[in-house]
Amino acid sequence: TTPERHVASVLEEQQQQQMVGGDDDAGRIESPQLVRPPPPAKKQKTLGETFCDVRDDAVLARPFQFLDLGILTYLGDSKALAQLGGGIKGSGQVAFALWRSVYLAKQMSLRNRLLIGADWLRGRIFGRDITR
């Protein structure tokens, strides 16, 4: 069946269930509560206008602008490389501390930050379990 037929059958079924008897034979139909159909093309057009400039029926896409915040790379053995904006470079344990601080800051919740911090501390104290 097509989506239109499905919606029509659901509407008819709901109308039959919502018939309220009255003095006349026709009864009264309360307004049905249907699931909304997908957004029309007009909605898609407004979404497109959000991301593009539309002038005189010509679409001008906004140019992409890259924001360079730098590069952090974990090397292992408590070492990392850092290249920050402005030409600042670093390596070793200082870059590793920066890498860990950014990693924790990017976590979504305080719970995740605490669990990851506890895991790092447990790994520092007891070492990694390599028996598996």
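A quick note: this is a predicted structure, and the numbers were derived from the prediction, not measured.
The shortest distance between side-chain heavy atoms of Trp120 and Leu104 falls below 4.5 Å. Side chains of Ile88 and Gln83 form no contact here, defined as non-hydrogen atoms less than 4.5 Å apart.
Ser101 OG to Lys106 NZ: the interatomic distance, rounded to the nearest 0.5 Å, is 11.0 Å. Once rounded to the nearest 0.5 Å, the distance linking NZ of Lys89 with CD1 of Ile71 reads 9.5 Å. The CD atom of Gln93 sits 13.5 Å away from the CG atom of Leu98 when rounded to the nearest 0.5 Å. Asp119 contributes atom CG, which lies 12.0 Å from atom CG of Asn112 (distance to the nearest 0.5 angstrom).
When all heavy atoms of Arg113 and Ala105 are compared, the pair lying nearest together is NH2-O, 3.2 Å. Heavy atoms only, all atoms of each residue included: Ala95 and Ala80 are closest at CB-O, 3.3 Å.
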Worksheet entry | CA sep, side-chain torsions, deciding dist, call: Leu81, Leu72, side-chain contact (heavy atoms from CB on, under 4.5 Å) | CA-CA 6 Å; Leu81 295 175; Leu72 292 172; over 6 Å; no
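Relative orientation of the Tyr74 and Trp99 rings is parallel, given thresholds of 30° and 60° on the angle between their planes.
Side-chain N or O atoms of Asp68 include one that pairs as donor or acceptor with a backbone N or O of Gly70 at under 3.5 Å.
Linking ILVMFWY residues whenever their side-chain heavy atoms come closer than 4.5 Å, directly or via other members, places Tyr103 and Phe96 in the same cluster.
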